[in-house]
Amino acid sequence: MANVVQANSDAQSSPAPVAAQQRVAKPSRSGGFLRLVARRLLLIPISMFFVITFSYFLVEMMPGDPALAIAGTTASEREVTIIRQQLGLDRPFDERYASFIAGVVQGDFGISFFDGQSVRESIFRFLPASLELMVLSLSLAALIGISIGAMAGYFRRRAPDSIARIGITALQAVPEFLIGLLLIFTVFYLWRLAPPPVGRLGLSDSYPDPVTRFLFIDLIIAGDWDGLVSALHRALLPVLTLAIGTAAYFAKVSRTTIGAAMESRQVQFARACGLSEFMVLRYALLQARTPILTYAAILIGTLVGGASIIETMFAWQGLGQWGLASIIALDVPAIQGFIIATGLFSMLVYLALDLLVAALDPRVTHE
Amino acid sequence: MSSLALSRPGIVRRNLGLWLGLAIVFGLLLAGFFLPLPYDPIKPDANAVLEPPSAAHWFGTDNLGFDVFSRVIAAAQRDLPLALGGALVAALIGVPLGLATTLKNRASNLIMRGLDAFQAFPLLVLAIALVTLTGNRLEMVVLAIIVIQTPRFVRLIRAEGLAIRESRFIEAAEAMGASPARILFVHLLPNVSGVVMVQLSIAAANALTVVAALSFLGIGVSPPTPSWGVMIQGGARLMTSGEWWVSLFPGLAVFLAVMSLNLIADELDIIFERSSR
Amino acid sequence: MLSVRDLETRFVTRRGVVYAANGVSFDVGDGEIVGIVGESGSGKSVTISSVLGLIRPPGAVVGGSAMFDGTDLLKLPGRALRHIRGARIGFIAQNPFGALNPILNIEAQFANVTRAHGRADRATIRQNALEMLKRVGIAGPERVLDGYAHELSGGMAQRVVIALALLLNPSLVVADEPTTALDVTVQRQILDLIAGLIREGRRSMLIVTHDLGVVAQYCDRVVVMYSGRVVEEGPVATVFTRPLHPYTLALLRAVPRRGEPIQALGGRVPDLLSKPVGCAFRHRCAFAKPRCESETPEIRPVASTNPLGRTVACHLDVEREVPALAAG
């Protein structure tokens with residue numbers, strides 16, 4: 001999904017977190033941390049209103065009779081009527097819209113057309129797997145990407161930089177699902193270093209009690225170390241796939257920001273004071289921290305739910321896989337729930353980012 | 001500004017990347033339409049199933065007996081125009097809208113707020129939802145691209161336009177009583193043409209990955225029309241049994257085209273930067 | 001103390017090679033304050049960056065030497081040079097807010113500079129920092145030390161930079177337009193402070209400025225640069241009363257004086273994209289001769305003023321012709 005993230009994450013078009021950067025650029029002494037928190041919290045309901053409305057109209061846009069399209073050609077008249085009622089198509093538009101919003105506000109996303117489960121339940125059931133995948137792959141991606149970016153930025157306009165730049169550009173042009181397939185071919189088929197891409201645990205492994213619903217944590221709680229090893233082994237390919245694709249973006253943003261920081265007056269003065277090159281690089285990293293964090297936030301926001309294809313490819317059973325399956329099955333309540341959940345999640349991540357940046361930067365917190 | 005840069009002698013050597021990128025993209029496009037193919041891309045040969053690359057089948061054959069090479073070339077006919085066309089329409093909508101939002105009024109604020117909320121989604125998933133819910137038709141793929149790319153043009157042009165608006169010559173034009181529309185289209189538009197061209201190739205590269213991802217999921221495609229994404233999907237399962245060529249070659253085609261479009265964007269960026277200084 | 005010879009620095013850009021410093025030579029004696037003056041783009045900042053080893057790619061020092069206490073700074077490996085920078089050569093930056101780290105508090109920055117040149121425990125570092133801040137005239141040094149750069153006024157921040165530059169008692173201080181970023185009202189205070197600390201510690205200083213008034217008031221000798229070359233060098237008193245190079249003369253005339261019309265210098269500084277042939281100043285020089293077109297004037301001692309150590313790079317018979325121009 002990182003390919004779609006691309007322009008979205010460029011400084012020119014990144015959404016909410018940009019606010020954090022602007023605030024840092026213009027230090028305001030009147031802000032105050034609590035006031036910032038309050039202001040950002042107030043913005044969430046407004047943005048959520050857009051998201052909820054959008055999720056509603058996306059389904060409203062369906063051409064023809066949605067009930068017929070959803071039920072499929074084999075459905076009986078009665079089934080179509082039930083779906084029609086559930087969609088509220090028998091009621092006037094404004095009433096439907098109002099009751100939809102009322103439901104969402106109370107946390108009621110309705111019942112899935114297909115498995116009959118509560119949509120809210122499903123979201124909470126599938127979210128932990130996506131979070132685990134996201135945390136693992138993003139950590140790895142940040143580690144690889146920022147290291148490469150820092151190296152390229154440090155050796156700007158010299159050989160390591162040119163090599164890194166070509167590598168980054170090339171990697172960004174490979175669709176993520178292709179990375180996944182190539183890894184399956186090499187690591188699984190050729191080298192036999194990974195198990196087949198068919199789920200999070202092997203057939204002989206048993207699933208632990210869902211205490212936290214985070215598989216890795218539940219396995220640890222259950223003390224099932226063999227299961228944990230098996231689960232980690234099975235996580236290798238999907239994590240690597242997402243990490244490789246995402247690392248290129250981390251590398252790109254750190255290369256640019258650290259490269260620019262290395263040429264800043266601050267770094268020049270640090271050098272003139274005789275600071276070691278290690279310290280100089282640390283100064284540059286401090287300077288580049290905010291843009292890199294912003295980037296990470298955008299990636300977190302899009303990877304949960306946005307890693308649908310990779311989750312599906314490796315049968316990861318996460319939110320993205322569930323969302324994608326729901327979309328393809330035209331499961332309207334599930335689609336709406338999925339859109340609202342991912343939108344809310346992104347906004348919370350952006351909020352966390354803004355607060356983190358504010359907490360880390362003395363220019364914002366200290367009055 | 002661009003004409004100056006482009007009219008200098010030795011231009012091909014100086015902007016090798018640009019010409020290389022353009023050659024690959026248009027080469028693929030022309031090949032898709034005009035190259036005589038060794039086999040019929042929509043007629044499988046039941047006697048040549050899953051053959052590895054050879055002199056007879058350069059890129060091998062897939063599990064149904066289709067010639068991979070013929071289909072990779074033929075798919076350019078569908079995938080590239082979709083991506084390029086979608087990006088172009090997004091620019092045509094996004095640029096005027098972006099220029100309009102440089103006027104500081106309530107409407108432009110509202111547009112920007114809406115776009116902010118919109119961009120909080122995993123956009124590819126949104127595109128998938130859009131195409132699926134509206135009946136899985138090809139023209140909806142283009143619409144999905146437009147929906148994803150237009151906000152990026154709006155933001156970019158708004159940012160550029162706001163910066164240019166600060167400059168003296170716009171002040172002078174305003175002082176002389178030029179109408180807002182005249183300022184937008186006569187004074188601002190020519191000055192953002194560079195960034196529009198750069199963003200256009202970035203958008204096309206992006207759109208191509210969206211097209212590939214959608215057809216990889218079987219969304220917006222009608223078999224047996226070849227598409228790179230569909231072909232990669234067709235070979236996905238075969239990766240676990242070692243028949244790599246079915247997915248790899250269409251994958252390479254996507255990679256080559258996206259890389260070339262990014263290369264064009266990079267080079268254009270350098271050219272416009274250079275001439276504006 | 002510092003002896004720079006034939007310094008050549010170039011930048012390779014996409015538009016071509018920029019010849020930023022072309023054979024720059026000058027000396028800074030013990031206890032001397034030397035000013036480098038010139039318009040922006042004359043290569044004065046590049047010169048001091050080259051001497052300090054701060055030129056980064058795409059730029060590079062391609063020739064010359066910079067002898068400092070018997071060692072050539074330009075040939076020193078990075079590590080050894082690093083130990084000289086900050087300890088034996090202090091650097092005062094142009095803009096304190098650009099130079100100070102906005103994210104670390106001031107004490108941490110003192111600690112980093114101290115630790116870059118040796119071991120020290122926290123208490124000693126703090127003690128030395130407080131001492132130094134007092135010496136640069138900061139009233140509440142504890143509060144400044146615990147705070148951040150953005151909480152300081154411009155003058156205060158520049159005092160912190162000066163304290164950092166002098167922390168390890170360097171024998172040479174290099175200052176890059178130390179007051180241009182400050183309010184006019186505090187510029188004088190800061191310059192007085194710097195000059196006082198230099199004289200008091202018997203240090204030498206190399207100060208880059210475009211303000212001839214600063215040179216006249218604080219410097220012993222002056223180096224006039226134009227287009228990446230030194231065009232005239234000598235004691236401030238004689239250079240300013242009797243300029244020998246037409247460019248120096250023009251610079252002095254451009255300084256506003258009460259009751260006299262300002263004589264602006266026409267034309268522009270040539271861009272440094274082409275390897276300069278001939279005298280770079282010839283297009284703006286009232287005296288240019290055909291020879292100035294083809295031959296680059298070498299810097300040479302001026303015979304009659306030789307005991308004063310004056311040098312000039314001009315094809316004219318500077319002792320007769322330029323004073324005549326000045327008079328007329």
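Values below: all heavy atoms of this structure, side chains included; hydrogens, waters and symmetry mates excluded. Naming convention: chains lettered A, B, ... in sequence-line order (proteins, then strands); numbering from 1 in each chain.
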Please indicate whether [X] has more than 12 foreign heavy atoms, meaning atoms of other residues, nucleotides or ligands, lying under 6.0 Å from its [atom1].
X: C:E131; atom1: CD; value: no
X: A:R158; atom1: CZ; value: yes
X: A:R165; atom1: CZ; value: no

Response to the item:
Honestly, the part of C:L168 sitting under 4.5 Å from a heavy atom of chain A is neither
Fill in: Under 4.5 Å from a heavy atom of chain A, the part of C:H117 involved
side chain
Worksheet entry | side-chain contact (heavy atoms from CB on, under 4.5 Å) evaluation trace for A:M279 with C:N112 | CA-CA 8 Å; A:M279 270 307 236; C:N112 287 342; 2.9 Å; yes
Do [X] and [Y] make a side-chain contact, defined as non-hydrogen atoms from C-beta onward lying under 4.5 Å apart?
X: A:P362; Y: C:I103; value: yes
X: A:F269; Y: C:N101; value: no
X: A:Q266; Y: C:P102; value: yes

In Å and rounded to the nearest 0.5 Å, what is the [atom1] to [atom2] distance from [X] to [Y]?
X: A:Q268; Y: C:Q94; atom1: CD; atom2: CD; answer: 9.5 Å
X: C:R82; Y: A:R271; atom1: CZ; atom2: CZ; answer: 11.0 Å
X: A:S276; Y: C:H83; atom1: OG; atom2: NE2; answer: 9.0 Å

Worksheet item: In terms of heavy-atom pairs under 4.5 Å with chain A, which of C:A165, C:G53, C:P58 leads?
Response: C:P58
Discussion item. Counting heavy-atom pairs under 4.5 Å with chain A, which one of C:L164, C:L104, C:L81 comes out on top?
Written reply: C:L104
Item to complete: Identify which part of A:R156 has an atom lying under 4.5 Å from any heavy atom of chain C, answering side chain, backbone, both or neither.
Response: backbone
Worksheet item: Where on A:S264 is there a heavy atom nearer than 4.5 Å to chain C: the side chain, the backbone, both, or neither?
Response: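 Neither; nothing under 4.5 Å.
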Worksheet item: How far apart are the C-alpha atoms of C:R85 and A:C273, what are their side-chain angles, what is the distance that settles it, and do they pass the side-chain contact (heavy atoms from CB on, under 4.5 Å) test?
Response: CA-CA 6 Å; C:R85 283 197 306 244; A:C273 287; over 6 Å; no
Worksheet item: Taking A:R265 for the side chain and C:A99 for the main chain, is one N or O donor matched with an acceptor at less than 3.5 Å?
Response: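 Not at all, since once roles are kept as given, no pair shorter than 3.5 Å links the two residues.
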